[in-house]
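Notes for the one structure printed next.
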Amino acid sequence: MSDLIRVTIDGQETQVQRDTTILQAATDLGIQIPTLCHHPALEPYGACRLCTVEVIRDGWSRLVTSCNYPIRGEIEVVTASDKVVRGRRMIVELLWARCPETKVFQQLAAEYGIERPRFEPCEGELCYLCGLCIRVCDELVGARAISFVGRGVEREVATPFFQVSDACIACGACEFICPTGAIRVADVTDKEPRPLFLEFDMGLKGRGNIYVPFPQAVPNVPVIDREHCLYFQIGACKTCEHFCPADAIDYDQEDQVLDVDVGAIVVATGFDQFQPEIKPEYAYTEHRPQVLTGLEFERLASSSGPTSGTILINGKEPKEVVFIKCIGSRDEAIGNPWCSRVCCMYTAKQAHLIHDRIPDAHITVFYIDVRAFGKGFEEFYDRVREEGITYRRGNVSEIYRRHPGDERLVVRAEDTLLGQAVEVEADLVVLATGLTPRSDVEYMAGMLGLTRSRDGFFQEKQLELFPSDSEQEGIFLAGCCQGPKDVPDTVAHAKSAAASTIVTLSKLRRQRRPIPTSSRDREHEVSIEVEAHP
Amino acid sequence: MIVDTREFVESHHLLGCIQCGRCTAGCPVSLKTALNIRGIIYKTLVLDQVDITTWEELWDCTACRTCQIRCPKELDPCDVVIGLRTLLVGEGRHLPHTVRDALKSIAIRGNPLGYAMDDRAVWAEDLDFAVENIFDKGETDVLFYVGCSPAFDMRIQPITRALAKVFHNAGVDFAILGEDEPCCCNEARRMGEAEMFEDMVLVFKEEMLPEFGCRRMVTVSPHCFNAFKNEYDLPFPVQHYTEFLAELMADGRLSLGAQIPKRATFHDPCFLGKQNQVFDEPRQILTAIPGIELIELDRSRERSQCCEGGGGRMWAEGTNLEERLAVERVQQAVDVGAELLVTACPFCVMTLEDAVKISGFEDQIRVVELMELVAQAM
């Protein structure tokens with residue numbers, strides 16, 4: 001094509017479209033040019049001059065900034081000639097002198113062998129006027145809450161009239177993109193930024209608007225949080241598109257409603273963790289993360305969790321740890337009279353984990369009864385006690401901080417075997433939160449015509465002989481949707497549901513073969529409409 | 001005093017107890033006295049008889065009801081203590097003489113404080129408007145039930161007058177029971193005088209109620225509020241004054257304009273907060289006062305700590321005088337840097353004020369009834 005222009009970069013020859021920047025062409029060839037003020041999602045700006053390269057055209061050599069130099073004719077580029085490196089070293093030296101405390105320039109200076117700048121350093125300066133914050137706010141967010149004000153040495157990034165900005169939407173893009181930490185959202189607006197938390201890590205870790213829900217997600221691809229994504233909210237940004245090399249971002253993807261004809265349905269919708277806010281005496285709202293739920297601690301201790309398995313509370317290893325059992329279980333006062341069946345053993349496991357990771361931690365478990373009923377469970381309970389974990393009979397009534405500055409919380413309990421009320425100090429309290437029916441259980445029951453037992457979980461046809469059949473023919477129950485279960489019981493229950501399903505399907509097959517897929521004669525079929533939950 | 005446990009266990013429905021200990025764990029006095037309500041229940045469950053003659057700690061209970069609120073089996077451990085006190089009071093021998101005197105005073109004078117019945121409306125005489133008597137008036141919107149301490153106690157009377165002033169200024173149609181106002185017997189019941197309480201309910205409902213009409217009752221004390229609201233089964237709603245004032249504020253009939261530039265914290269009275277879930281209204285009123293900066297204690301709302309003034313404890317010293325809970329409470333308020341320790345209960349005001357004096361924080365913190373601040377800010 002006539003538009004293609006021949007370019008030689010560091011001896012490598014290539015052909016590029018007219019107006020491709022030198023930086024782009026070099027990147028495509030795998031040649032790295034250092035940059036500071038460049039961002040692939042933003043228009044080239046040429047503020048920092050670090051990307052300077054040598055361009056030779058018709059025998060004439062000159063230094064240009066590669067990020068905003070459009071290729072319009074045949075040229076030769078040298079990205080790291082002596083002349084270029086000398087220039088860059090000077091640039092780094094000047095930038096470092098401007099922002100002496102910033103890591104990015106300290107590193108660059110080390111790379112270019114500069115021991116100390118020859119110029120007088122500006123003390124306390126962090127901003128080197130690259131304009132990334134202003135450009136991201138303008139080009140991607142569209143808020144234009146900040147701009148450059150002043151001239152020459154007075155030039156700085158600021159809000160209009162130096163007042164908190166109404167235009168700012170507190171998205172945090174400026175703070176995020178700033179390479180030196182010079183700008184904070186709080187400098188721009190008094191609106192509170194609302195950080196997003198990764199649901200799978202129980203909110204112990206932040207996430208972006210586009211994220212992979214959890215490591216084993218099926219399909220294992222990122223999703224966009226439409227509730228918060230700037231594109232879906234105000235039509236701005238679309239930054240992720242610039243970064244995706246596979247061009248896989250599809251903003252127009254819609255939920256699909258599938259109509260599937262099936263011979264049987266297995267309901268395996270699981271459970272919700274008990275919400276400890278319902279019991280305000282445990283001060284979960286006030287003292288999280290010093291008070292955590294069982295699931296939260298599970299994520300915290302997980303090697304794929306928010307801290308890669310290092311157990312840290314407010315940045316410190318907890319040395320006094322208290323576990324409290326039966327939170328939201330066996331509690332008629334809140335309408336949860338059942339035993340959740342898993343908390344005794346997960347507490348034992350989690351206590352063991354802490355002992356394993358923090359050997360000098362002092363761990364106390366407050367319990368009403370220890371129900372170690374499964375195969376090998378009692379032996380594990382024995383092992384955990386042998387490790388030195390203190391089991392105290394009696395339950396906790398309240399958690400508080402004695403004095404405002406105290407690091408540790410006070411757990412108020414009765415040791416019923418001593419017959420004494422006790423106060424135990426704790427760096428971390430783990431609430432052995434129980435299992436409850438899912439919040440959408442009523443919706444599901446209505447959709448499938450299922451009944452619920454008094455505890456709110458789905459009602460099985462008959463507990464002893466048909467534990468995974470529902471009262472609806474062709475609909476089966478597996479796992480905790482029918483009632484609290486541990487993993488072995490869940491697997492057994494699911495296998496029983498699978499076996500019952502096979503019986504139903506083979507009956508259908510005997511009656512008519514093949515399995516009906518047409519819309520006629522659906523006597524034995526169950527038809528469901530899968531749709532987005534309201 | 002020997003108690004036959006079988007009957008007692010049955011009448012208090014104690015068989016459901018799993019001995020988890022949450023009652024004792026939550027009990028505000030269990031760390032400082034021998035009172036162990038879980039242990040008492042256990043004894044009644046496993047022994048045929050118990051001798052409660054020497055169980056002095058029964059008089060330590062403040063009837064804050066934390067034990068009942070925390071019980072996962074919906075039992076009422078607090079009522080176990082009250083039930084045992086009732087047996088002692090019925091027998092009449094092994095009870096503190098201060099309790100005996102208070103109960104006697106209610107029987108004779110209609111108040112536990114020893115004041116003359118005829119002086120019950122004296123508090124209203126200093127007001128520059130007349131407070132109407134409901135028996136003269138017949139019909140009214142708000143029956144203002146004053147209560148014993150608010151009517152007689154010199155420390156509390158100004159609070160009562162301030163509330164009457166708010167009613168008057170807001171144009172509330174209200175009246176009082178005057179000299180005929182009986183004691184609500186909330187505290188009497190908790191001191192073990194079940195019979196007197198039941199009699200009083202009968203007298204109030206069958207002899208007094210037919211004489212007048214009202215659309216609601218408003219009380220000064222959370223203790224009276226609790227009795228009338230939950231134990232009298234009245235045909236009209238009962239409100240604590242904080243609830244009523246919050247309504248007036250929302251309707252624009254009460255505005256608080258004067259500055260009180262102080263850091264304040266709020267102590268939730270057990271009978272108002274824990275037992276009746278009135279947490280927000282006092283705070284709404286407090287924060288509506290210009291200049292007030294509300295600092296919450298860690299132990300607030302549902303986790304509030306009892307001041308040790310309820311359940312008849314105004315008339316029973318308890319077995320451990322050394323460690324007053326009110327002193328701990330004042331310390332907590334000082335720790336968060338509050339200059340005002342605000343509460344909304346006559347008993348809390350008195351216990352906390354004593355504690356300020358005992359602990360020597362008089363220069364740092366002042367105990368005030370919310371109503372006093374409202375009066376100042378009006």
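Below, chain A is the first sequence line, B the second, and so on; all start at residue 1.
A cation-pi arrangement is found for B:R299 relative to A:Y400, the charged atom lying closer than 6.0 Å to the ring centre and inside a 45° cone about the ring normal.
Taking B:L297, B:V336, B:I18 one by one and counting their heavy-atom pairs under 4.5 Å with chain A, the maximum is reached by B:I18. Counting heavy-atom pairs closer than 4.5 Å to chain B, the top-ranked of the candidates A:R330, A:R402, A:E423 is A:R330. Ranked by heavy-atom pairs under 4.5 Å with chain A, the list B:E328, B:Q331, B:Q332, B:K73 is led by B:K73.
The local environment of NZ in B:K262 is sparse, with at most 12 non-hydrogen atoms from other residues, nucleotides or ligands closer than 6.0 Å. The neighbour count for A:Q273 CD, taken as heavy atoms of other residues, nucleotides or ligands under 6.0 Å away, is above 12. The 12-atom threshold is exceeded at CZ of B:F361, counting heavy atoms of other residues, nucleotides or ligands nearer than 6.0 Å. At most 12 non-hydrogen atoms from other residues, nucleotides or ligands lie less than 6.0 angstrom from CG of A:D166. Heavy-atom contacts from other residues, nucleotides or ligands closer than 6.0 Å to CZ of B:R366 number 12 or fewer. Taking a 6.0 Å sphere around CD of A:E407, one finds it holds 12 or fewer heavy atoms contributed by other residues, nucleotides or ligands.
Defined by atom type and a distance below 3.5 Å, a donor-acceptor pair is missing between the side-chain atoms of B:D298 and A:H403. A side-chain N or O of B:R70 and one of A:S397 form a donor-acceptor pair less than 3.5 Å apart.
The parts of B:Q19 that come within reach of chain A are both its backbone and its side chain, each placing non-hydrogen atoms under 4.5 angstrom from that chain. Using a 4.5 Å cut-off between heavy atoms, A:V411 does not touch chain B at all. When heavy atoms are compared at a cutoff of 4.5 Å, A:I399 approaches chain B solely by way of its backbone atoms N, CA, C and O. Only the backbone of B:C71 comes within less than 4.5 Å of a heavy atom in chain A; its side chain stays farther off. Heavy atoms of B:C23 lying under 4.5 Å from chain A are absent altogether.
Side-chain contact between A:R412 and B:S30: present, with at least one pair of heavy atoms (C-beta onward) separated by less than 4.5 Å. A:E414 places a side-chain heavy atom less than 4.5 Å from the side chain of B:R38.
With B:R22 contributing its side chain and A:N395 its backbone, the two residues share no donor-acceptor pair below 3.5 Å. Of the possible donor and acceptor atoms, none in the side chain of B:N36 sits under 3.5 Å from a partner among the backbone N and O of A:A421.
Distance check, rounded to the nearest 0.5 Å: NZ of B:K274 to CD of A:E281 gives 9.5 Å.
Salt bridge B:R303/A:E398: absent, no basic N to carboxylate O contact under 4.0 Å.
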